[in-house]
Amino acid sequence: MSSSSTSQSSLPVSDALIRDIILWRKKKQSVLVLLIATATWVLMEVYHFNFVTVISWVIMFIVVLLFLWANILKLLGKDPPDMSGLEMSEQLAFEMANMIRAWIEEGIRWMFRVSAEREWYVFAGTVAGIVMGMTVPVLYMKYEDNIKRHGERVKGQARRFYDTVDEKVVKNMKNKVVVERKEEKKVE
């Protein structure tokens, strides 16, 4: 446990947060990720909404929330938070924009394959992959000792099986080859 706690503190905050969400350590955030993914699929597959429409609604919702938050702070007489630390260079903005554009294009291609081509098995595979990806690490952490013990037992059984096959099959084949070579030499 001590080695895992030291590795946790050396990770950047975003990596640790993502790992905690995937491992269901932060249950509320994990459920939120699952609900957002499901809601997005329902909006696009069941109700046939366009991806751009869904993203536009999300952005409008965020803008309205920020507007209300700022006005409520003014009504309560509180100072708005200092946003001067949010400045970034033009080069960083271009790099981020290109990276986000690439992600969005890949997401749109995937969504087109799922929705336009009616490949339901892609959706089922995606859901299965997400569920497995979020549950298998948790199960492994919970039953790590049992898994290692059974792994060692399987490894021992495989070694015994290999030794048996090696002894009975491979050595007999070698003996037959040696006998055949001796017979060939006698014939010559």
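Residue numbers count from 1 along this sequence. Because only heavy atoms are used, hydrogens play no part in the values below, and waters and symmetry mates are left out as well, while side chains stay in. A quick note: this is a predicted structure, and the numbers were derived from the prediction, not measured.
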Is Val64 linked to Ile72 within one hydrophobic cluster, defined over Ile, Leu, Val, Met, Phe, Trp and Tyr using a side-chain heavy-atom separation of less than 4.5 Å?
-> no
Interatomic distance, CH2@Trp57 vs OG1@Thr53, rounded to 0.5 Å, equals 7.0 Å
Going hydrophobic residue to hydrophobic residue with side-chain gaps under 4.5 angstrom, can you get from Ile104 over to Phe49?
-> yes
In Å and rounded to the nearest 0.5 Å, what is the CD1 to NZ distance from Ile147 to Lys142?
-> 11.5 Å
CG of Leu68 to CG of Leu73: how many Å apart, nearest 0.5 Å?
-> 11.0 Å
Sequence neighbours excluded, every pair satisfying side chain to side chain donor-acceptor pair (under 3.5 Å) that has a member inside residues 152-161 = His150-Arg153
Reported CD1-to-CZ distance for the pair Ile21 and Arg19, which is rounded to 0.5 angstrom = 11.5 Å
Taking the side chain as every heavy atom from C-beta outward, state whether Phe94 and Met99 have any atom pair closer than 4.5 Å.
-> no
Group every Ile, Leu, Val, Met, Phe, Trp and Tyr by side-chain heavy-atom contacts under 4.5 Å, then state whether Val131 and Trp41 land in the same group.
-> yes
Share the residues that join Ile130 in a hydrophobic cluster, the rule being Ile, Leu, Val, Met, Phe, Trp or Tyr side chains under 4.5 Å apart at the heavy-atom level.
-> Leu23, Trp24, Val31, Leu34, Leu35, Met134, Val138, Met141
Working to the nearest 0.5 Å, report the span between CG of Asn71 and CG of Leu76.
-> 11.0 Å
Answer yes or no: does atom CD of Glu144 have more than 12 heavy-atom neighbours from other residues, nucleotides or ligands under 6.0 Å?
-> yes
Give, for atom CG of Asp166 and atom CZ of Phe161, the distance between the pair rounded to the nearest 0.5 Å.
-> 11.5 Å
If Ile, Leu, Val, Met, Phe, Trp and Tyr residues are connected whenever their side-chain heavy atoms lie under 4.5 Å apart, and connections chain through other members, are Val42 and Phe61 in the same group?
-> no
Residues Val54, Asn50; criterion side-chain contact (heavy atoms from CB on, under 4.5 Å); working and verdict = CA-CA 7 Å; Val54 174; Asn50 189 344; over 6 Å; no
Please answer: with hydrophobic residues joined when any side-chain heavy atoms are less than 4.5 Å apart, are Val58 and Trp69 in the same cluster?
-> yes
